[in-house]
There are 2 protein chains.
Amino acid sequence: MKKEITCPLHYTMTLIGTKWKPLILFHLIEGPLRSGVLQKQIPEISNKMFTQSVRELEKDGLINRKIYPVVPPKVEYELTKKGLSLKSILKSLDLWGSEHFKL
Amino acid sequence: MKKEITCPLHYTMTLIGTKWKPLILFHLIEGPLRSGVLQKQIPEISNKMFTQSVRELEKDGLINRKIYPVVPPKVEYELTKKGLSLKSILKSLDLWGSEHFKL
DNA sequence: GCAATAACTTACTTTAAAGTAATATACACT
DNA sequence: AGTGTATATTACTTTAAAGTAAGTTATTGC
């Protein structure tokens, strides 16, 4: 049974409410990164989830994929305008974590 | 294989990065609500996920559970100080959704 | 004694998210 | 011909999230 979305926040969570997507967006805040570099900045992510997540973020218009026709391949990801509009939220979420995560 | 948390944002997402938790917290921003009232404000949530989510939010110190010893039972949920500190983030996430969710 | 009430709880099933590991591509270099 | 490189895909398995539906408690009022 598919449920309706009754609250804008609910919609936001369907786009970025996953384990990895906010982390990927967060690491792109300072500018575009090559695929491999981005993935190394999130060492815990599996290869599969990385590709799957960037695919979905691209489909949802939050990041752009720039392909350079060179060998070996070079691909860069960067935030779109829509993705960039999450910048302050992502920073707040990170700051909140650093303030409340006691080891 | 359990993975380490290398970024505060990752920790934040482990606490509230689910479909329902941010929604529950969001509806408590304006003040405490009775269990039944809160649940009715999120009509899409199943009974089980409601109980499970508030239990975890309580365990993680984001909400308080106030039990009134009356019959039939009365229980209220309210944000803790820690939960309240998410207020502006939750409002931003909701606002972002309303600005980007085109029907 | 039975229904109504509010808030859970439990057992079970389904669906979605995430992990693992192997394989593909395409060319440059040795 | 075989190796290295960067990016990505596929098949498969495991784990976690979510859904469904029925049952529990404790009391009031008929």
Side-chain angles (χ1 to χ4, degrees), chain A residues 1-7 9-11 13-25 27-28 32-60 63-78, chain B residues 1-7 9-11 13-25 27-28 32-60 63-78:
Chain A
M1 185 185 185
K2 219 167 224 166
K3 295 292 178 58
E4 302 294 309
I5 285 176
T6 57
C7 178
L9 172 53
H10 193 174
Y11 164 73
M13 296 319 285
T14 64
L15 283 198
I16 61 164
T18 68
K19 193 170 177 181
W20 300 117
K21 286 180 188 177
L23 234 23
I24 290 173
L25 295 171
H27 281 102
L28 290 175
L33 286 180
R34 278 191 78 159
S35 180
V37 174
L38 176 56
Q39 197 172 340
K40 278 188 197 81
Q41 297 202 354
I42 312 170
E44 316 94 332
I45 198 173
S46 69
N47 182 251
K48 184 209 152 182
M49 285 314 294
F50 176 74
T51 310
Q52 189 176 303
S53 298
V54 291
R55 287 285 164 283
E56 292 177 14
L57 288 171
E58 191 191 6
K59 175 177 65 61
D60 292 330
I63 63 176
N64 273 139
R65 188 160 180 262
K66 293 199 297 182
I67 305 158
Y68 297 82
V70 294
V71 168
K74 175 176 174 178
V75 173
E76 278 188 350
Y77 293 103
E78 66 180 355
Chain B
M1 186 183 183
K2 220 169 221 163
K3 296 292 178 60
E4 302 293 311
I5 287 177
T6 58
C7 177
L9 172 54
H10 193 173
Y11 164 73
M13 296 319 285
T14 64
L15 283 199
I16 61 164
T18 69
K19 193 170 177 180
W20 301 117
K21 286 181 188 175
L23 234 25
I24 291 173
L25 295 172
H27 282 102
L28 290 175
L33 286 179
R34 277 191 78 158
S35 181
V37 175
L38 176 56
Q39 198 172 339
K40 278 188 197 80
Q41 297 203 354
I42 312 170
E44 317 94 331
I45 198 173
S46 69
N47 183 252
K48 185 208 150 181
M49 284 314 294
F50 177 75
T51 310
Q52 189 176 303
S53 298
V54 291
R55 285 286 164 286
E56 292 177 14
L57 288 170
E58 191 192 7
K59 175 176 66 59
D60 292 330
I63 62 176
N64 272 140
R65 187 160 181 262
K66 292 199 298 183
I67 305 158
Y68 298 82
V70 295
V71 167
K74 175 176 176 180
V75 174
E76 278 188 352
Y77 293 104
E78 65 180 355

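Computation of the quantities below employed the complete heavy-atom set of this structure, encompassing side-chain atoms and omitting hydrogens, waters and symmetry-equivalent molecules.
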Query raised in the report: Choosing from D:dA22, D:dA18, C:dA6, which nucleotide comes nearest the side chain of B:Met49?
Result: D:dA18
Query - Spacing of A:Ile24 atom CD1 and A:Gln39 atom CD [to the nearest 0.5 Å] - result: 8.5 Å
Query raised in the report: Which nucleotide, C:dA18, D:dA6, C:dT9, lies nearest any side-chain atom of A:Trp20?
Result: C:dA18
Query raised in the report: Should we say atom NZ of B:Lys66 is surrounded by more than 12 heavy atoms from elsewhere, each under 6.0 Å from it?
Result: yes
Query raised in the report: Expressed in angstrom and rounded to an integer, what is the separation of B:Ile45 atom CD1 from D:dA17 atom C1'?
Result: 12 Å
Report summary line: Whole-Å distance, A:Met13 CE to C:dA16 P, equals 18 Å
Report task. Rounded to the nearest angstrom, tell me the gap between atom NZ in A:Lys40 and atom C1' in D:dA8. Result -> 14 Å
**Report entry** Criterion side-chain contact (heavy atoms from CB on, under 4.5 Å) on A:Tyr77 and A:Leu33, from CA distance to verdict
**Finding:** CA-CA 6 Å; A:Tyr77 293 103; A:Leu33 286 180; over 6 Å; no
Query raised in the report: Between A:Gln52 (CD) and D:dT10 (C1'), how many Å, whole number?
Result: 12 Å
Requested in this report: Look at all strands and tell whether B:Tyr77 reaches a base, only sugar-phosphate, or nothing, counting heavy atoms closer than 4.0 Å.
Outcome: sugar-phosphate
**Report entry** Euclidean distance, atom CD of residue A:Glu44 to atom C1' of C:dA17 [Å, nearest integer]
**Finding:** 16 Å
**Report entry** Value rounded to 0.5 Å, distance of NE2 in B:His27 from SG in A:Cys7
**Finding:** 5.0 Å
Query raised in the report: Rounded to the nearest Å, what distance is computed from the CD atom of residue A:Glu76 to the C1' atom of nucleotide D:dA6?
Result: 13 Å
Requested in this report: Respond yes when some side-chain nitrogen or oxygen of A:Lys19 is under 4.0 Å from OP1 or OP2 of C:dG19, and no when none is.
Outcome: yes
Report task. Look at the side-chain N and O atoms of A:Arg65 and state whether any lies under 4.0 Å from the OP1 or OP2 oxygen of D:dA8. Result -> yes
Report summary line: Output for pair (B:Asp60 CG, B:Thr14 OG1), nearest 0.5 Å, gives 7.5 Å
Query raised in the report: Between the base of C:dA18 and the side chain of A:Lys48, is there any donor-acceptor pair under 3.5 Å?
Result: yes
Query raised in the report: Taking atom P of C:dA7 as reference, at what distance in whole Å does atom OH of B:Tyr68 sit?
Result: 12 Å
Report summary line: 5'-most contact on DNA chain D (nearest-nucleotide basis), B:Thr18 vs A:Val71, goes to A:Val71
Query raised in the report: Which part of the nucleic acid does B:Thr51 contact within heavy-atom distance under 4.0 Å: base, sugar-phosphate only, or nothing?
Result: base
Query raised in the report: Which value, rounded to the nearest 0.5 Å, describes the distance between B:Ile42 atom CD1 and A:His10 atom NE2?
Result: 9.5 Å
Query - Stepwise side-chain contact (heavy atoms from CB on, under 4.5 Å) check, A:Arg55 with A:Arg65 - result: CA-CA 9 Å; A:Arg55 287 285 164 283; A:Arg65 188 160 180 262; 3.5 Å; yes
Report summary line: Ordered by number, residues from residues 53-60 of chain B within less than 4.0 Å of DNA chain D (heavy atoms) are none
Report summary line: Ranking D:dA6, C:dG19, D:dG19 by distance to the side chain of A:Arg34, first place goes to D:dA6
**Report entry** B:Asn47 CG - C:dC12 C1' separation (whole Å)
**Finding:** 15 Å
